[in-house]
Amino acid sequence: MKIRYNLLKTEKNTQARFGTIQTNHGTYETPMFMPVGTRATVKSLSKEELKDEHAGIILSNTYHLWLRPGPDVIKNCGGLHKFMSWDQPILTDSGGFQVFSLAKNKRKDITEEGVHFKSHIDGQNLFLTPEKSIEIQNKLDSDIAMSFDECPPYPVTYEYMKKSVERTLRWAKRGKKVHNNPNQALFGIVQGGEFTDLREYSCKETVKLDFDGYSIGGTSVGEDKPTMYKMVEDGIRYLPKDKVRYLMGVGDPIDIIEGVIRGVDIFDCVLPTRIARHGQAFTRGGKINLNNAKYKEDLNPIDNSCDCYTCKNYSKAYIRHLITTGETLGGRLLSIHNIRFLIKLTEELREAIKNDNILEYRKEFLTKYEGKQKK
RNA sequence: GCGGCGUUGGUGAAGUGGUUAACACGCUGGUUUGUGGCACCAGUAUGCAUGAGUUCGAUCCUCAUACGCCGCC
């Protein structure tokens with residue numbers, strides 16, 4: 001079996017969906033937030049810590065594992081699950097986004113055949129193609145592989161985006177052709193930027209290729225929020241109801257809620273772990289910065305309503321001390337909290353969908369999260 | 001008691017007779033969305049030991065005082 005998505009309920013007033021994803025490594029409810037473990041590790045966290053906070057699928061990255069330790073090493077070590085001792089599902093990103101982020105400020109050479117770019121480790125010239133990406137992901141033996149796409153920056157011209165969408169479609173076809181891991185699902189990626197007709201086109205053509213799931217790519221690349229939400233709407237409209245919908249790279253709490261309301265099932269994002277390492281935490285009352293002097297002697301947990309390991313055991317004063325002194329435990333504790341915060345958010349969204357009150361939930365969440373003055 | 005040297009922000013310090021006193025750290029905020037992990041951005045001395053003098057103008061020159069370090073009696 002690859003994976004199967006079971007749609008159990010659509011919320012009455014919105015497109016929000018409650019369902020399950022069945023995989024070879026267990027069945028999990030959606031909407032779901034997936035922590036990012038780029039290099040076969042969710043930075044600083046053990047598998048027990050992830051499971052204790054109810055993590056389901058986690059992410060890993062083709063580009064990074066390609067460079068180190070290399071796909072053959074992982075294959076010879078029994079595949080990614082065995083290698084990193086993670087017995088729950090893994091989704092591997094294709095490396096498409098790395099082409100965007102690695103080469104953001106430099107020249108990148110995108111050709112029909114693939115992408116030439118330089119290793120961030122030693123500068124050597126690399127060449128990644130759709131076939132290569134899928135071949136690596138086959139070896140990694142993740143549960144879900146992603147098609148290799150082009151993720152253009154924002155903004156680009158309509159003409160460029162049109163060409164890019166066409167190329168991503170050809171790449172999707174090529175990748176699908178060489179995909180040969182019977183236990184691995186393969187997802188297609190919808191692109192098209194902020195152009196409604198290109199999103200529609202990308203969506204319909206990608207669906208024709210019949211993937212195991214679909215993701216909305218090309219968001220959170222510099223556009224404003226209304227534009228991003230429109231991209232999601234335009235990208236999701238023509239996707240089949242019986243397949244998973246994945247909004248790539250989105251993990252701001254508000255964006256997750258807005259995504260779920262528009263019909264997204266799964267999300268991934270580096271935000272919870274990255275901001276944790278820089279001393280910041282999500283709370284019901286908004287994002288806070290533990291570096292702030294006001295927490296110097298604050299013995300309260302980060303969030304009184306949080307059930308995570310960090311909030312059950314440590315105070316803001318202590319975490320602030322760890323963060324300001326550069327102790328690694330600080331980032332770890334905040335990562336645990338932030339991941340739990342987003343996972344708990346999706347748990348509550350599932351309940352809201354079941355109760356048909358997701359709009360009400362959003363209103364209540366925003367009132368607390370953004371302060372009383374808004375909306 | 002005599003002589004020499006020194007005294008610049010929270011810290012280490014640079015510097016000049018003339019608009020905004022360098023840099024670093026610290027401190028205070030902020031940013032971060034398919035991770036180039038441990039980053040980036042902004043703010044932070046109306047002030048140069050104290051007093052007087054020289055000068056159009058002094059943190060920078062002169063004198064005195066205080067404090068510190070070193071040497072001599």
Side-chain angles (χ1 to χ4, degrees), chain A residues 33-45 57-65 67-68 91-106 108 117-123 126 133 137 142 144-152 154 187 189-191 214-225 228-229 231-232 246-256 258-259 264 266-282 286-296 320 322-332 334-335 338 342:
Chain A
F33 175 77
M34 307 183 288
V36 177
T38 305
R39 301 193 288 201
T41 166
V42 176
K43 292 188 192 304
S44 83
L45 302 187
I57 306 175
I58 63 169
L59 229 74
S60 210
N61 187 278
T62 300
Y63 165 75
H64 289 280
L65 297 179
L67 297 193
R68 288 187 303 204
L91 182 152
T92 43
D93 187 24
S94 64
F97 188 77
Q98 275 60 49
V99 172
F100 161 76
S101 66
L102 284 163
K104 212 178 329 189
N105 304 314
K106 298 165 195 167
K108 55 188 163 187
F117 59 117
K118 288 183 186 298
S119 161
H120 71 280
I121 298 167
D122 58 8
L126 300 170
S133 173
Q137 294 183 76
S142 53
I144 301 170
M146 298 303 302
S147 291
F148 185 70
D149 65 331
E150 184 191 355
C151 182
Y154 177 87
F187 280 20
I189 303 177
V190 176
Q191 288 288 348
Y214 298 91
S215 71
I216 296 155
T219 67
S220 52
V221 289
E223 77 283 8
D224 56 30
K225 298 256 181 191
M228 176 177 145
Y229 301 150
M231 287 177 176
V232 175
Y246 164 30
L247 180 52
M248 306 183 86
V250 169
D252 179 271
I254 295 171
D255 296 342
I256 288 179
E258 296 298 338
V264 175
I266 59 177
F267 303 82
D268 80 282
C269 194
V270 303
L271 209 52
T273 44
R274 180 183 287 164
I275 67 172
R277 276 178 271 118
H278 297 156
Q280 295 182 289
F282 296 125
K287 199 174 69 177
I288 65 169
N289 190 340
L290 272 299
N291 283 295
N292 289 176
K294 62 181 170 184
Y295 302 122
K296 209 170 275 185
R320 175 187 141 83
L322 296 175
I323 291 293
T324 54
T325 53
E327 288 292 341
T328 54
L329 181 61
R332 262 166 51 74
L334 286 178
S335 290
N338 285 340
L342 294 183

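We name chains A, B, ... by the order of the sequence lines, and we start the count at 1 in each one. Atom set for the values below is all heavy atoms of this structure, side chains included, hydrogens, waters and symmetry mates excluded. Bear in mind the structure is a predicted one, so any value in this text is a computation, not a measurement.
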Check your understanding: Reckon A:Asn289 has a side-chain N or O less than 4.0 Å from the OP1 or OP2 of B:rU28?
Key -> no

Check your understanding: Which part of the nucleic acid, if any, lies within contact of A:Gly95, taking any heavy atom under 4.0 Å across all strands shown: a base, the sugar-phosphate backbone alone, or nothing?
Key -> nothing

Check your understanding: Syn or anti: how is B:rG47 classified when any glycosidic angle within 90° of 0 counts as syn?
Key -> syn

Check your understanding: Just checking A:Asp252: base, sugar-phosphate only, or nothing, at a heavy-atom cut-off of under 4.0 Å?
Key -> base

**Study point:** C1'-based separation of B:rC23 from B:rG15 [nearest Å]
**Key:** 11 Å

Review point. Just checking A:Thr273: base, sugar-phosphate only, or nothing, at a heavy-atom cut-off of under 4.0 Å?
Key: base

Check your understanding: Quick one: is A:Arg320 getting a side-chain N or O under 4.0 Å of the B:rU28 phosphate, OP1 or OP2?
Key -> yes

Exercise for review: Select base, sugar-phosphate, or nothing to describe what A:Lys225 touches, counting heavy atoms under 4.0 Å on all strands.
Suggested key: base

Check your understanding: Which nucleotide, B:rG29, B:rG34, B:rG36, lies nearest any side-chain atom of A:Asp268?
Key -> B:rG34

Check your understanding: Can A:Tyr295 and A:Asn289 be counted as having a side-chain donor-acceptor contact under 3.5 angstrom?
Key -> no

Review point. What distance, rounded to whole Å, do you find between the two P atoms, one in B:rU59 and one in B:rG53?
Key: 14 Å

Point to revise | Intermediate values then yes/no, side chain to side chain donor-acceptor pair (under 3.5 Å), A:Asp122 and A:Ser119 | key: CA-CA 6 Å; A:Asp122 58 8; A:Ser119 161; 3.2 Å; yes

Review point. Taking the side chain of A:Lys287 as heavy atoms from C-beta outward, which of B:rG36, B:rU31, B:rU28 is closest to it?
Key: B:rU31

Check your understanding: Which whole-number value in Å describes the distance from A:Lys294 NZ to B:rU28 P?
Key -> 13 Å

Check your understanding: Reckon A:Asn292 touches a base, only the sugar-phosphate, or nothing at all at heavy-atom distances under 4.0 Å?
Key -> sugar-phosphate

Point to revise | Within-4.5 Å side-chain heavy-atom neighbours: A:Leu247 and A:Ile266 | key: no

**Study point:** Donor-acceptor side-chain pairing of A:Asp255 and A:Tyr229 below 3.5 angstrom
**Key:** yes

Revision key, fill the gap. Atom CD1 of A:Ile323 and atom P of B:rG29 are separated, to the nearest Å, by 14 Å

Study note, to complete from the structure: Per nearest nucleotide of RNA chain B, the residue lying toward the 5' end, A:Thr219 or A:Thr324, is A:Thr324

Exercise for review: Nearest whole angstrom, please: distance from the C1' of B:rG36 to the CZ of A:Phe97.
Suggested key: 11 Å

Point to revise | Under the 3.5 Å Watson-Crick or G-U criterion, the dot-bracket string of RNA chain B, with | for inter-strand pairs | key: (((((((..(((.....[....)))((((((.......))))))....(((((..]....)))))))))))).

Review point. Given B:rA39, is OP1 or OP2 found less than 4.0 Å from the side-chain N or O atoms of A:Arg274?
Key: no

Point to revise | Student check: side-chain heavy atoms of A:Asp93 and A:Tyr63 closer than 4.5 Å | key: no

Point to revise | A:Met248 side chain, from C-beta outward: closest of B:rG29, B:rU35, B:rG34 | key: B:rG34

Review point. If you look at every strand shown and take non-hydrogen atoms under 4.0 Å, does A:Leu59 touch a base, only sugar-phosphate, or nothing?
Key: sugar-phosphate

Exercise for review: Take atom P in B:rU62 and the same atom in B:rC67, then report the distance between them in whole Å.
Suggested key: 22 Å

Review point. Which whole number of Å gives the distance between the C1' atom of B:rA24 and that of B:rU19?
Key: 26 Å

Check your understanding: A:His278 has a side chain; which of B:rA39, B:rU28, B:rG37 sits nearest to it?
Key -> B:rA39

Check your understanding: Just wondering, do A:Phe187 and A:Ser147 contact through their side chains at under 4.5 Å, heavy atoms?
Key -> no

Exercise for review: Would you indicate, yes or no, if B:rG29 has its OP1 or OP2 atom less than 4.0 angstrom from a side-chain nitrogen or oxygen of A:Asn291?
Suggested key: no

Review point. With rounding to whole Å, what would you report as the distance between B:rU44 and B:rG4 at their P atoms?
Key: 42 Å

**Study point:** d(CZ, A:Arg277; C1', B:rC40) in whole Å
**Key:** 14 Å

Practice item. Classify the side-chain pair A:Thr219/A:Glu223 by whether it contains a donor and acceptor separated by less than 3.5 Å. Key: no

Check your understanding: What integer distance in Å separates A:Ile58:CD1 from B:rG34:P?
Key -> 16 Å

Practice item. Tell me whether the OP1 or OP2 atom of B:rG36 has a side-chain N or O from A:Gln98 closer than 4.0 Å. Key: yes

**Study point:** A:Asn61 vs B:rU35: side-chain N/O to OP1/OP2 distance below 4.0 Å
**Key:** yes

Practice item. Using the C1' atoms only, state how far B:rC69 lies from B:rG9, rounded to an integer number of Å. Key: 23 Å

Practice item. State, to 0.1 Å, how close A:Phe282 and A:Gly251 come at their nearest heavy-atom pair, and which atoms those are. Key: CZ-O, 4.2 Å

Check your understanding: Nearest to the side chain of A:Asp255 - B:rG37, B:rU28, B:rU33?
Key -> B:rU33

Exercise for review: Grab the CD1-C1' distance between A:Ile256 and B:rU33 for me, whole Å please.
Suggested key: 10 Å

**Study point:** P-based separation of B:rA49 from B:rC73 [nearest Å]
**Key:** 33 Å

Review point. Looking at A:Leu65 and A:Ser60, what are the two nearest heavy atoms and their distance?
Key: CD1-OG, 3.6 Å

Exercise for review: For A:Glu327, report the nucleic acid contact type (base, sugar-phosphate, nothing); a contact means any heavy atom under 4.0 Å.
Suggested key: nothing

Review point. Which whole number of Å gives the distance between the C1' atom of B:rA64 and that of B:rC72?
Key: 24 Å

Exercise for review: For residues A:Pro272 and A:Ile275, report the shortest heavy-atom separation together with the two atoms involved.
Suggested key: O-CG1, 3.8 Å

